Amino acid sequence: MKTNLSSQISLERIPKRYYDPQGELEQAALRREEKIYTRIFENMNDGSAYLARHVVELIKKNLAAKNRCVIALGAGRSTHSVYAHLIEMYEKGEVSFDRVIVFNLSEFFPLQPDGPSTLARLREVFLDKVNVRPENIHTINPAVTLDDMFAYCREYEQQIADCGGLDLTLCEVGPQGSLAFNEPGSLSTSVTRLVLLSPDVRHDIKKEYKVDNAPKTAVTLGMGNILASSRVMTMAWGETRAKVVAEAMEGPVTDNVPASFLQLHNHARIALDLQAASDLTRISHPWKVTSCEWTDKLIRRAIVWLCQLTGKPILKLTNKDYNDNGLGELVALYGSAYNVNIKVFNELQHTITGWPGGKPNADDTYRPERANPFPKRVIIFSPHPDDDVISMGGTFRRLVDQGHDVHVAYETSGNIAVGDEDMMRYFMMMDKIAPMFGFDVEEYKRLSSDVTSFVKSKNSDRDVDTKEIREIKTMIRQAEATIACNYIGVKPDHIHFLRLPFYETGTIKKGELTEKDVNIVKKLLQEVKPNQIFVAGDLADPHGTHRVCTDAVLAAIDELKGEKWMKDCRIWMYRGAWAEWEIDHIEMAVPISPEELRNKRNSILKHQSQMENAPFLGDDDRLFWQRAEDRNRATAALYNSLGLASYEAMEAFVEYHPL
């Protein structure tokens with residue numbers, strides 16, 4: 001069973017010479033915007049193997065020169081695959097860590113007996129699996145107090161100095177461009193110190209270490225310590241790092257992006273996979289640095305970029321616009337700007353359809369979805385009980401109104417996203433009406449009393465909801481989803497609450513995706529035998545619920561792809577409330593009228609527990625319906641700015657082809 005297929009989705013095939021140029025001249029041209037030595041690989045495994053080889057070379061070089069090698073190690077998830085390769089090389093006898101001295105790059109403070117620890121993680125994934133001597137492992141003393149923290153940090157730095165300084169620092173680039181816990185605002189001269197962790201970092205720690213209560217402070221080597229290291233090797237994997245990696249490597253040196261300080265280091269190198277490198281100039285805008293291998297998607301991206309640069313719609317671009325902005329190749333290739341313009345304009349025009357399930361009895365040659373069969377059996381997979389309406393509520397309603405047999409499958413209960421206040425509102429009402437309708441029995445009174453007492457004494461950071469409370473919160477989410485579906489017009493027996501087991505832990509920490517989860521999805525697919533599937537395509541967060549739910553659906557599809565009905569099934573990926581597909585990837589764009597957008601908002605508002613009091617709204621001040629509308633309006637505005645029809649809003653989709 002393949003449970004990580006979402007990580008293998010590639011919306012575009014990048015020519016190898018862009019990310020792995022051969023020859024010094026080609027390398028110099030492609031890398032001219034990058035101010036840190038960079039290697040880009042097709043995947044994390046290849047990049048990790050590259051870094052591991054260089055770590056081993058550096059260890060051997062230092063052992064030969066001075067009989068020891070001093071390394072500062074980070075414990076971030078991105079480093080784990082590098083450690084896995086180092087362990088493999090150790091087991092093969094290719095390297096010994098007997099004379100390697102390790103300094104822990106950072107550690108949480110204060111350390112709790114049952115709390116997260118970077119050293120514990122390092123031991124788990126690396127140190128306990130190789131022959132590093134225990135006396136050669138240095139970390140922050142958990143007994144240190146706030147009163148002597150400053151003196152202790154100086155002592156930790158002195159330990160490094162006594163070993164001859166750091167020969168290597170190995171760590172990941174964090175989400176905000178941090179190195180270790182040097183977050184935005186850290187100076188290039190910062191030293192080992194106690195730092196306050198930002199809400200974003202604490203949120204990442206909760207996911208990384210699968211805990212409900214993240215530490216608020218940590219001790220970290222400063223940027224000055226890292227830059228004093230003879231070598232710095234760092235890495236970033238996945239599209240969530242793309243923006244900050246581009247800022248660090250191609251932008252100015254700034255404390256807003258601490259990783260940008262590596263531009264000042266003579267021997268820093270960074271390894272990236274294609275997703276993390278996707279915003280670098282040679283990958284995203286290769287025409288700026290080299291001659292291109294022009295695919296349809298790359299041409300579309302270039303023309304949209306040119307339109308935004310010049311402020312012109314597609315059909316008004318001229319030969320001069322192309323030649324002045326590095327796109328003369330396209331003019332030479334197609335004969336004139338007009339020929340390129342009309343090609344891209346028609347491609348974008350053909351993505352637009354008011355018939356997301358296909359228009360019956362119509363020529364579907366240039367339509368994104370086929371006309372037949374009609375009506376289609378459709379399943380919309382929704383990770384949480386509101387992602388369907390937030391992400392594709394307009395398309396959802398279109399499919400129902402146009403006569404398709406639409407099913408919606410809510411993959412998780414979403415119960416941890418119901419606040420206690422919302423739940424207690426129901427109990428207050430039931431306590432009042434229980435005597436009126438005769439259900440003020442002992443069992444109910446006991447339940448109401450137990451729930452009320454638990455909520456009053458609850459420590460939100462530590463206490464896990466009881467089984468009864470989780471079930472009640474599940475009922476609230478299911479009721480809201482059912483009301484939203486009724487509003488849209490879905491048949492009651494077409495609403496499926498799958499409650500995948502991986503989610504049902506009662507905490508932020510979730511279980512692993514297993515065959516049990518996938519079999520639940522398979523069972524529904526085999527029962528409905530859909531002609532069309534819609535699935536969440538939020539691929540940015542490799543550990544989030546959306547990603548796991550996507551993997552569950554794709555795993556089920558992979559196991560069923562040989563079925564006859566699957567050969568007549570198309571799979572469309574939608575995105576959530578925060579971001580839309582880039583326009584060069586969009587294959588279906590569904591217009592939404594002002595009335596339809598209002599209906600979409602109403603269906604989102606049916607999920608009352610997810611309004612102002614929802615626990616996971618995040619740092620974005622907008623409510624979910626506002627985020628969705630802003631995104632949908634922005635997509636429509638982009639199409640309009642390119643010279644296409646002006647719509648109130650649009651929802652966009654990319655087709656998934658089973659691997």
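Both backbone and side-chain heavy atoms feed into the values below; hydrogens, waters and symmetry mates do not. Keep in mind that this is a model prediction, so the values were computed, not measured.
Look at Asp630 and Arg627 and you find no salt bridge, because none of the NZ, NE, NH1 or NH2 atoms lies under 4.0 Å from a carboxylate O. Ion pairing between a basic and an acidic side chain is recognised when a charged N comes within 4.0 Å of a carboxylate O; Lys491 and Asp405 show such pairing. Classification of Glu596 and Arg398 as a salt-bridged pair holds, one side-chain N sitting under 4.0 Å from a carboxylate O. Salt-bridge check for Glu239 with Arg547: failed, with every basic side-chain N at 4.0 Å or more from each acidic carboxylate O.
For Phe534 and Phe396, the ring centers sit 6.0 Å or farther from each other.
No donor-acceptor contact under 3.5 angstrom links the side chains of Asn632 and Thr635, judged on distance only. Under 3.5 Å, the side chains of Thr395 and Tyr574 contain no donor-acceptor pair of N or O atoms. There is a side-chain donor-acceptor pair under 3.5 Å between Asn599 and Tyr487. Under 3.5 Å, the side chains of Glu480 and Gln610 contain no donor-acceptor pair of N or O atoms.
Within the 3.5 Å criterion, the main-chain N or O of Asn415 finds no donor-acceptor partner in the side chain of Arg477. Without hydrogens or angle criteria, Arg301 side chain to Ser284 main chain gives a donor-acceptor distance under 3.5 Å. At distances below 3.5 Å, not a single donor-acceptor pair connects side-chain atoms of Lys2 with backbone N or O atoms of Leu554.
Relative orientation of the His496 and His407 rings is parallel, given thresholds of 30° and 60° on the angle between their planes. Ring geometry, Tyr503 versus His384: the interplanar angle exceeds 60°, so the pair is classed perpendicular (tilted spans 30 to 60°).
In this view, Glu250 and Thr281 satisfy the side-chain hydrogen bond (donor to acceptor under 3.5 Å, both in side chains) rule, not counting sequence neighbours. Every residue two or more places apart in sequence or in another chain was checked for a side-chain hydrogen bond (donor to acceptor under 3.5 Å, both in side chains) with Trp287, and none qualifies.
Looking at heavy atoms from C-beta onward, Met588 lies out of side-chain contact with Glu655 at the 4.5 angstrom threshold. Inter-residue side-chain proximity for Val340 and Val331 is flagged as unmet; no heavy-atom pair is nearer than 4.5 Å. The side-chain heavy atoms of Tyr426 and Ile472, taken from C-beta on, include no pair separated by under 4.5 Å. Using a 4.5 Å heavy-atom threshold, the side chains of Phe653 and Val590 count as touching.
Contact record, Phe374 with Gln402: CZ-O, 3.3 Å, taken as the closest heavy-atom pair. When all heavy atoms are compared, the tightest approach of Arg370 to Lys376 is O-NZ, 2.9 Å. Between Val389 and Lys600, the shortest heavy-atom contact is O-CE, 3.2 Å. Annotation for Trp237 and Ser78: closest pair NE1-O, 2.9 Å, computed over non-hydrogen atoms. A pairwise comparison of heavy atoms in Pro591 and Met650 identifies CA-CG, 4.2 Å as the closest pair. Annotation for Ile557 and Met566: closest pair CG2-CE, 3.5 Å, computed over non-hydrogen atoms.
Crowding of Lys312 atom NZ: a count of heavy atoms from other residues, nucleotides or ligands under 6.0 Å exceeding 12.
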Start with the C-alpha gap between Ile303 and Tyr322, add the side-chain angles, then the distance that decides, and say whether side-chain contact (heavy atoms from CB on, under 4.5 Å) holds.
CA-CA 9 Å; Ile303 302 317; Tyr322 280 72; 3.3 Å; yes
Show the numbers, then the answer: is there a salt bridge (charged side-chain N to carboxylate O under 4.0 Å, His left out) between Glu347 and Lys343?
CA-CA 6 Å; Glu347 286 178 1; Lys343 166 186 165 57; 2.8 Å; yes
